[in-house]
Protein chains: 2
Amino acid sequence: MSTPRATLRERMEAKGLRMTTQRRLLANLLEEAEEHLDADEVYRLAQTQDPQIHRATVYRTLNTLKKLGLVDELDLMHVNGDRHYYEVRPRKLHIHLVCMKCGDVQEPGGPVWDELKSRVRKETGFKPEMVRVEMGGECPQCQRRATPRAGEAS
Amino acid sequence: MSTPRATLRERMEAKGLRMTTQRRLLANLLEEAEEHLDADEVYRLAQTQDPQIHRATVYRTLNTLKKLGLVDELDLMHVNGDRHYYEVRPRKLHIHLVCMKCGDVQEPGGPVWDELKSRVRKETGFKPEMVRVEMGGECPQCQRRATPRAGEAS
DNA sequence: CTAACTGCAAACCTTTTGCATTGAC
DNA sequence: GTCAATGCAAAAGGTTTGCAGTTAG
């Protein structure tokens, strides 16, 4: 029952953007990305496919996509400095759990987050268009590592 | 029944920080602030009381307080560029609703947000220490302004 | 053909840092 | 007295911009 979703490229065309070689490249790259990429990572990945592509183009494209609501910008609690990360706008709101120790990022799903928008809308009249829910803390692995049972070997 | 909360200054002392004139000034300023201030606004406000205070001191102090969990850093969806905003860590999690049109920031309360942390903890094992819930969208006022009755009675 | 987009390089803006000096405890 | 915090100035880091040339529609 999942609505077959248009590709990012298609959605860009639908918005009337000029599909240059660079933009096609970036669209694929963002859609295929397994991790959250910052602008520089996007740039470097793009360069492996088109050595001529320029940083400014990457920044400009990311901004364009952001303004159109096709990608979301994340800060991930600034665990790695003040860069911004980008992800193709997901269908459902999800939360980012950022471990401040190891930098790991988890994205648990669940109905709470799905409810969030509609509740805000109902309770405040505010019309949410983009959502950024980020929690910084300690991931389960780091908690275990950090608390090696007060008196035990290694 | 509200627990009488220690002042920021007191909590800084409790953490063992050296209370310099500058830090006392900044602590008061942050606690009294009605709005979310960015580093530069904090700096300028501080300067009105102590013209000698240096930007670097402001940044360093804000970072110290952030690391100690006494203040939270916000991005407010970058409505006004990439500066960071600071607020004294509130007792309860609250969400920031940022109007992307007029820049207005609302902070609705409510039990949903209070639940958020404990649910994450329970459902994922992640231990949240700082929370940033920001939604960008359109505030009720801007919605009214933007939709001057397309053909309907309002 | 023309407006939109790109590459380039320089500028921008916020934040950080090394170092000598000052001041809190 | 000692070590942490400050002021200063310079640099860093990420991002933006003006301009001339290129390209999609």
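Letters A, B, ... mirror the listed sequences (proteins, then strands); counts begin at 1.
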How far does CG of A:Asn63 sit from CD of A:Glu73, to the nearest 0.5 angstrom?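 One gets 7.5 Å once the value is rounded to the nearest 0.5 Å.
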If only side-chain N and O atoms count, and only distance matters, is there a donor-acceptor pair under 3.5 Å linking A:His96 with A:Glu134?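 No, no side-chain donor-acceptor pair sits under 3.5 Å.
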Rounding to an integer number of Å, can you tell me how far [X] [atom1] sits from [N] [atom2]?
X       : N      : atom1 : atom2 : value
A:His78 : C:dT14 : NE2   : C1'   : 12 Å
A:Ile53 : C:dC5  : CD1   : P     : 14 Å
A:Arg24 : C:dT6  : CZ    : P     : 11 Å
A:Lys67 : C:dA4  : NZ    : P     : 14 Å
B:Met12 : C:dA24 : CE    : P     : 14 Å
A:Leu17 : C:dA4  : CG    : C1'   : 10 Å
A:Asp50 : C:dC5  : CG    : C1'   : 14 Å
A:Gln47 : C:dT6  : CD    : C1'   : 14 Å

When you measure from every atom of DNA chain D, which of residues 29-46 of chain A have a heavy atom less than 4.0 Å away?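 Going residue by residue through residues 29-46 of chain A, the ones with a heavy atom under 4.0 Å of DNA chain D turn out to be A:Ala39.
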Could you list who else is in A:Leu17's hydrophobic cluster, with ILVMFWY side chains joined at under 4.5 Å, directly or through other members?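 Cluster partners of A:Leu17: A:Leu8, A:Met12, A:Met19, A:Leu25, A:Leu26, A:Leu29, A:Leu30, A:Leu37, A:Val42, A:Tyr43, A:Leu45, A:Ile53, A:Val58, A:Leu62, A:Leu65, A:Leu68, A:Leu70, A:Val71, A:Tyr86, A:Val88.
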Walk along nucleotides 16-23 of chain C from 5' to 3' and tag each nucleotide B, S or - by protein heavy-atom contact under 4.0 Å, base first, then sugar-phosphate. BBB----B
Would you indicate whether A:Glu87, at its atom CD, is surrounded by more than 12 heavy atoms from other residues, nucleotides or ligands within a distance under 6.0 Å?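 More than 12 heavy atoms, drawn from other residues, nucleotides or ligands, come within 6.0 Å of this atom.
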At a heavy-atom distance below 4.0 Å, which nucleotide of DNA chain D is the first touched by chain A, and which is the last?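 So the outermost contacting nucleotides come out as D:dG14 to D:dG25.
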Are B:Val131 and A:Leu93 connected in a single hydrophobic cluster, I mean Ile/Leu/Val/Met/Phe/Trp/Tyr linked by side-chain heavy atoms less than 4.5 Å apart?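 A:Leu93 clusters together with B:Val131.
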Quick check: is A:Leu76 connected to B:Met130 through a chain of hydrophobic side chains (ILVMFWY, heavy atoms under 4.5 Å apart)?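 Result: yes, single cluster for both.
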Sequence neighbours excluded, which residues qualify as salt bridge (charged side-chain N to carboxylate O under 4.0 Å, His left out) partners of A:Lys101?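 For A:Lys101, the residues satisfying salt bridge (charged side-chain N to carboxylate O under 4.0 Å, His left out) (neighbours in sequence not counted) are A:Glu138.
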Is any NZ, NE, NH1 or NH2 atom of the basic residue among B:Arg83 and B:Asp75 found under 4.0 Å from an Asp or Glu carboxylate oxygen of the other?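 Salt bridge absent between B:Arg83 and B:Asp75.
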Between B:Tyr86 and B:Met19, who's closer to the 5' end of DNA chain C by nearest nucleotide?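 Counting from the 5' end, the first nearest nucleotide belongs to B:Tyr86.
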Show each protein N/O and nucleotides 10-12 of chain C N/O combination with a separation under 3.5 Å, one pair to a line.
none

